Protein chains: 2
Amino acid sequence: MIENDIFKALADPTRYVIFEKLAAGSMNASALREGMTISQPAMSQHLAVLRNAGLVREQRQGRFVNYEVDPDGLALIAHWLTKYRAYWPSRVDALKTLLKDMDQ
Amino acid sequence: MIENDIFKALADPTRYVIFEKLAAGSMNASALREGMTISQPAMSQHLAVLRNAGLVREQRQGRFVNYEVDPDGLALIAHWLTKYRAYWPSRVDALKTLLKDMDQ
DNA sequence: GCAAGACATAAGCATAGACTTATGTGATGC
DNA sequence: GCATCACATAAGTCTATGCTTATGTCTTGC
């Protein structure tokens, strides 16, 4: 279950912040730590989780590792969402009416 | 951070299954337990988490409580996704469909 | 009223996972 | 070669949370 890894990765507040930072622009691990009170190993571990979930990908540049948002992860969420189009708001009213009619 | 509750709620495999079951059709808590080896309190607790996250809503019917997918929760995820449009690969068909449906 | 059913809440336990410090690995520069 | 930097991995600790049993609350049917 791939989606589960994605949700688990984004469920942690610290990782969520890291992901948002990367979404604003790709960065290496040290740069990501700036402004956050987090140890270097913790950052490394969080990035590994995000990477394994497919939300982030790395790119070695000498002794730096540049991290960036991986579109594939976002695509998976989007694809997952399409499974529930029946429940999307634009159709909610029609659905509500339908359900109400069916109940009686 | 509302999204965090949503991701946290879906990160648990058991809750994910419950959500999928409800997406296939609204049910009461007892019906949800069928086919799952899970205690009644555990189910009740999971449903509370899903409800607090806005993913599921309840509807009292006598001594039964009918649970159903709350479109608001899915709408929040969809809205969250739009923040990352810049990263969406144009080639992904699922995304195209999603965008088209959401923009109208 | 009272028993039984459907669900929620309480309290305690046990594991997952987020953190730490310490150490390892690979690249760069002198 | 060797010191240093950027990052990964290891190992241990502590807290969050998912589970259990026990009990409470509300509703229905007799």
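Given the structure is predicted, the values throughout are model-derived calculations rather than measurements. So that the names make sense, note that chain A is the first sequence line, chain B the second, and so on, each numbered from 1. In what follows, every heavy atom counts, from backbone to side chain, and hydrogens, waters and symmetry copies are set aside.
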Taking C-beta and beyond as the side chain, do A:Leu47 and A:Leu22 meet within less than 4.5 Å on heavy atoms? yes
Using the 3.5 Å cut-off, write out each protein N or O paired with an N or O of nucleotides 9-15 of chain C and the distance between them.
none

Is B:Thr14 close to B:His46 at the side-chain level, that is, under 4.5 Å between some pair of heavy atoms? yes
Kindly write out the residues that satisfy side-chain hydrogen bond (donor to acceptor under 3.5 Å, both in side chains) with A:Gln45, not counting sequence neighbours, or none if the list is empty. none
Is there a side-chain contact between A:Asn28 and A:Val65, using heavy atoms and a 4.5 Å cut-off? no
Rounded to the nearest Å, what distance is computed from the NE2 atom of residue A:His46 to the C1' atom of nucleotide D:dC7? 15 Å
Below 4.5 Å, heavy atoms only, C-beta onward: do B:Pro71 and B:Arg57 meet side chain to side chain? yes
note: A:Gln61, atom CD; D:dA6, atom P; distance rounded to Å ~ 14 Å
Could I get the full list of ring pair (Phe, Tyr, Trp, His ring centres under 6.0 Å) partners for B:Phe19, not counting sequence neighbours? A:Tyr84
Roughly how many Å is it from CZ in B:Arg63 to P in D:dG29, rounded to a whole number? 6 Å
What integer distance in Å separates B:Asn52:CG from D:dG18:P? 13 Å
Residues in contact with DNA chain C, drawn from residues 24-39 of chain A - heavy-atom cutoff 4.0 Å: A:Ser39
Scan the side chains in residues 29-43 of chain A for donor-acceptor partners under 3.5 Å anywhere in the protein, sequence neighbours excluded, and list what turns up.
unit_1	atom_1	unit_2	atom_2	d
A:Arg33	NE	A:Ile38	O	3.0
A:Arg33	NH2	A:Ile38	O	3.1
A:Ser39	OG	A:Ala42	N	3.3

Taking A:Tyr16 as the starting point, is it possible to reach A:Met27 by hopping between hydrophobic residues whose side chains are less than 4.5 Å apart? yes
In whole angstroms, how far is the C1' atom of D:dC7 from the CD atom of A:Glu58? 10 Å
Would you kindly confirm whether A:Leu81 and B:Tyr87 end up in one hydrophobic cluster when ILVMFWY residues are joined by side chain heavy atoms under 4.5 Å apart? yes
To the nearest angstrom, the CG-C1' distance between B:Leu50 and D:dG18 comes to 13 Å
Treating Ile, Leu, Val, Met, Phe, Trp and Tyr as nodes and any side-chain heavy-atom pair under 4.5 angstrom as an edge, say whether A:Val69 and A:Phe64 lie in one connected cluster. no
To the nearest angstrom, the CE-C1' distance between A:Met43 and D:dC5 comes to 17 Å
Below 4.0 angstrom, which residues in residues 4-22 of chain A have at least one non-hydrogen atom near DNA chain C? A:Lys8, A:Asp12, A:Thr14, A:Arg15
Rounded to whole angstroms, how far apart are CG on B:Asn66 and C1' on D:dT27? 16 Å
Heavy-atom side-chain proximity of B:Val49 to B:Arg15 below 4.5 angstrom: yes
